[in-house]
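Here is the naming used below: chain letters follow the sequence lines, and residue numbers restart at 1 for every chain.
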Amino acid sequence: MNHQLRRLRRPPPPPRLVRRLTLPQSLHHCHTSPSPPSPSSSSLSLSDPPFKSTILDLIKKQHWSQLKPLLNPPTTPSNFLQELFDSNFPSDAILAFFRWSQLGFQVSHSLQHLCKLLTLLANDKKYSKIRSLLHFSVHCSQPFSISSFFHALVNCSDDFCGNSVIVDMLVLAFVNNGKLDLAVEGFKRAGDYGLKLSVLSCNPMLGGLVKEGKVGTNEFVYREMIRRRVELNLITFNTVINGFCKAGKLSKAGDIVEDMKVWGILPNVVTYNTLIDGFCKKGGAGKMYKADALLKEMVEKGVCPNNITYNVLIDGFFKDDNVVAALRLFKEMQEQQLTPSVLTYNLLIKGLCGEGRIDDALKLRGEMVNLGFEPSVVTYNLIINGYCKKKMLVEARQLFDDILKQGVEINALTFNTLIDAYCKSGKIDEGIALRDLMLTQKVCPSVSTYNCFIGGYFREGNIGAADKLLDEMEEKGLRADLVTYNVRINALCKRGESRKAVRLLDEMSEKGLIPSHITYNTLMAGYCREGNPNAALVVRRRMEKEGKRPNIVSYNVLIKGFCEKGKLEEANAYLNEMLEKGLVPNRTTYDIIREEMMEKGFIPDVDGHLYTDSTKA
DNA sequence: TTAGGGTTAG
C-alpha cells in the first residue's frame, strides 16, 4: 500500500487542519476496539494509531451519527477526507466516507479528491467499486468538464493501466446516464492521453450512438477503436453493422462484415438478423429478394435462424405487400420447431389488419390464446386500429370496452387510436369523452393525443379550437413535435396557404425539429394543388439540400402536379427519374398515370414505364 | 451482452 501510494504523483498537499481533530466527549466512551485513547488526549490527530483505529471502526460500522460531530467548523468534510488520504486509510473506508459525506452534507467533493480515491481503488483492483462510484458521480454530483477530470487524474497517478480502467468506466458511466456526448468526448480525450479503452465501454457507447441515430460518430468511434488497437469482439461488429443498417447504409454494413473476416470473427445469428432487418426496412427495390438470400446464406453457413429471423422476415414481407410469402414463412417457422412468440402473432395480426382481413386476424388471436399466449396491449391496439381503418367504430369501441373491463393495461396508444378514429369520422365529442376517460384511468394524454384532436379540428375548419389546443398543449409542458407541425402544415396547405406553411419550416428548425419526408411532401402537394408545381420543385430542392432524397410519394406528388397542369412531358420525366433511382412505383403511381395519362394514349407496363400503342408495336 | 411489434402527419 505504501509503495503504491508513493507512486502517486500528488499535487501540493492542502494545508493540514489548523486545529487538530478533536474527539468529542461522547466518543471516549463508545468505541470498543481497539483500546480507547487515553482520557487525557482530548486533542488527537488521525496519525495517532488509537484515534485512527477508532475512526476507522466508526466508518466501517457506518456509525455516521457519531462521526458527524467531528465535522463541525472549522473542520469540513473535505479536509477530513484529505486527512483520511494523508493517514493512509484503506480505500474502502475512504470510499464509504466519501459517499456518506456527499449524501449527508450535500457537498460535492473536488475532482482531485474523486480522482485520488479512484486511483486508490484502482491500485486495490476494486473495479466494481470504481464503476459504482463513477456512476454515482456522473448521476448525482455537480457536472464536471472532461478536461479537468483528465487533468486531475493524471496529476494523481501515472499508472497507465489503472487510469485506463478508470476512464473506461467513466465513459461507461456517461453512456449509462444518457450522456453520450460526454462519453464520446471522454473517448476522444483518452486517445489524446494514450489511455487504452476496452469494449466494456466502447460497445455500449456504440449501442447508444446507434439508438440516437448518430451514424457518423458511430463510424468514427469504430475506426478509432481499430486505430487504437482496442480488441474488438463480435458485439462491436454487430453493433456497428446495426448502426449502418438503421441508417440505410447497407453497403457500409457489408464492409463491416468483410472486416469481421479479417479479424477472424464469424457472423452469428445476430449479425444475420441485423442485416436481414436492414434489407427489409431499407433495401429499396428487390429488398425482400436480398433478405431471403441472406436467410439461405446463413443456413448454408451453419448459422441457425431463430424466432427473430422469422419475425423480421414476416414483417418485411407484409410491408412489401407479400402476404403469401409472410404466411409461408410463418408456416416454415413452425416446421423448424421454432415456437412463435406474442410478437410473431402481433406481426401477423398487424399484417392481416393492414390488408383489411380482420376476421383472419381475430382467428390468429384465438390461436395464440389456445396456445397459451396472453395477447398483449399491443395485440389489442393492432386489432382496434384494424377496425378503425375499416371504419368499424362500433366494433373497435366494443373491443376497447371489453379489454378495459378485463383489466388489460391500456395505454395512451390505445386511446389515441380510437380518439383519432372518432376525430376522423366527425365525432370529436366522442373523442373528448374518451380523453376524460383517459384522465380517470390515469393515462396521461400525450402530444399524439393532442395531434389527433388538432388534426380533427383543422379538418372541420375549426381553426380557433385547433389553435386553442396548441396553446393548451404548450401550457401543459408538452412540446409540439414533428407530427404537430405536419398537421399544421397540411391544414395551411389545404386552405391554399402553402406559402405560409413553408414558413413553419423555419419555426421547426428553431425548435430543433427536423422536417421529415412527409413534411416536404405535404408542402409539395400543397403547391401542386394550388396549380404551382414549379414551386413544389423549390421545396424539393430545399429537401435535397437538407440531405433527404425524394421518395415514392415525392415523385407521385410531382407527377400528379405536372399531369394536372397538362405538362405530360415533365410528368413522364419524373416517372422515369423515379424508376432510374430504383424506386418501385406503388398503386398510387399507377392510379395517377391511369387517370391522367391513359386518355392521352399512354399506358403503363408492368415495370411502370409508359408506352403508347405505337411504341408497344 | 449486440437483433424483432402498437397511435397521430404526405
Side-chain angles (χ1 to χ4, degrees), chain A residues 199-200 203-204 206-207 210-211 233-243 245-246 267-278 280-281 305-316 318-319 341-351 353-354 375-386 388-389 410-421 423-424 431 446-456 458-459 481-491 493-494 515-526 528-529 539 551-554 556-557 560 588:
Chain A
V199 289
L200 294 179
N203 285 354
L206 288 168
V210 172
K211 276 203 192 86
N233 63 14
L234 180 59
I235 293 171
T236 319
F237 289 110
N238 285 347
T239 309
V240 176
I241 288 170
N242 191 27
C245 284
K246 292 276 180 297
N268 70 350
V269 63
V270 177
T271 323
Y272 276 104
N273 288 351
T274 308
L275 287 166
I276 291 173
D277 189 50
C280 286
K281 296 206 169 86
N306 63 11
N307 256 316
I308 298 179
T309 322
Y310 282 97
N311 287 348
V312 165
L313 281 163
I314 289 170
D315 191 38
F318 269 124
K319 283 184 180 147
S341 63
V342 172
L343 209 145
T344 317
Y345 278 101
N346 286 348
L347 290 168
L348 290 160
I349 288 170
K350 182 180 71 168
C353 285
S376 67
V377 64
V378 177
T379 319
Y380 291 113
N381 288 349
L382 287 165
I383 300 174
I384 290 172
N385 192 37
C388 289
K389 291 288 173 295
I410 49 176
N411 56 25
L413 268 67
T414 326
F415 280 100
N416 294 347
T417 306
L418 209 47
I419 286 174
D420 184 59
C423 289
K424 283 206 171 94
S446 61
V447 177
S448 306
T449 317
Y450 278 92
N451 290 343
C452 297
F453 283 115
I454 292 165
F458 275 135
R459 243 174 265 121
D481 68 2
L482 176 64
V483 179
T484 319
Y485 275 94
N486 287 346
V487 169
R488 291 178 65 190
I489 287 171
N490 188 35
C493 287
K494 287 260 167 72
S516 64
H517 272 101
I518 296 182
T519 321
Y520 292 112
N521 291 344
T522 308
L523 285 164
M524 283 163 56
C528 287
R529 234 179 281 119
V539 175
N551 64 10
I552 299 172
V553 180
S554 322
N556 285 348
V557 167
K560 187 169 154 79
T588 312

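The phosphate of dT8(B) (OP1 or OP2) has a side-chain N or O of K389(A) nearer than 4.0 angstrom. The shortest distance between the side-chain N/O atoms of N385(A) and the OP1/OP2 oxygens of dT7(B) is below 4.0 Å. Residue N242(A) has no polar side-chain atom (N or O) positioned under 4.0 Å from OP1 or OP2 of dT2(B). Listed pair K319(A) / dG4(B) fails the phosphate criterion, with no side-chain N or O lying under 4.0 Å from OP1 or OP2.
For the pair R529(A) CZ and dG10(B) C1', the interatomic distance rounds to 9 Å; values are reported in whole Å. When rounded to the nearest whole Å, the span between OH of Y485(A) and C1' of dG10(B) equals 18 Å. Atom pair L348(A):CG and dG6(B):P shows a separation of 13 Å (rounding to whole Å applied). Distance I383(A) CD1 to dG6(B) P: 14 Å, rounded to the nearest Å. Rounded to whole Å, the distance from CD1 on I314(A) to C1' on dG6(B) is 17 Å. Here the P atom of nucleotide dG6(B) and the NZ atom of K350(A) are 4 Å apart, to the nearest Å.
The base of dA9(B) is not paired with the side chain of N521(A) by any donor and acceptor separated by under 3.5 Å. Between the side chain of N307(A) and the base of dG4(B), no donor-acceptor pair under 3.5 Å is found. In the interface, the side chain of T417(A) is not paired with the base of dT7(B) through any donor and acceptor atom under 3.5 Å apart. Below the 3.5 angstrom threshold, one finds a donor paired with an acceptor across the side chain of N238(A) and the base of dT2(B).
Checking dA9(B), dT2(B), dG4(B) against every side-chain atom of N268(A), the shortest atom distance belongs to dT2(B).
Side-chain polar atoms of D277(A) and T274(A) form no donor-acceptor pair below 3.5 angstrom. There is a side-chain donor-acceptor pair under 3.5 Å between N203(A) and T236(A).
A 4.5 Å side-chain heavy-atom check between C245(A) and L275(A) finds at least one atom pair inside the cut-off.
Contact annotation for S448(A): base contact, defined as any heavy-atom pair under 4.0 Å involving a base atom.
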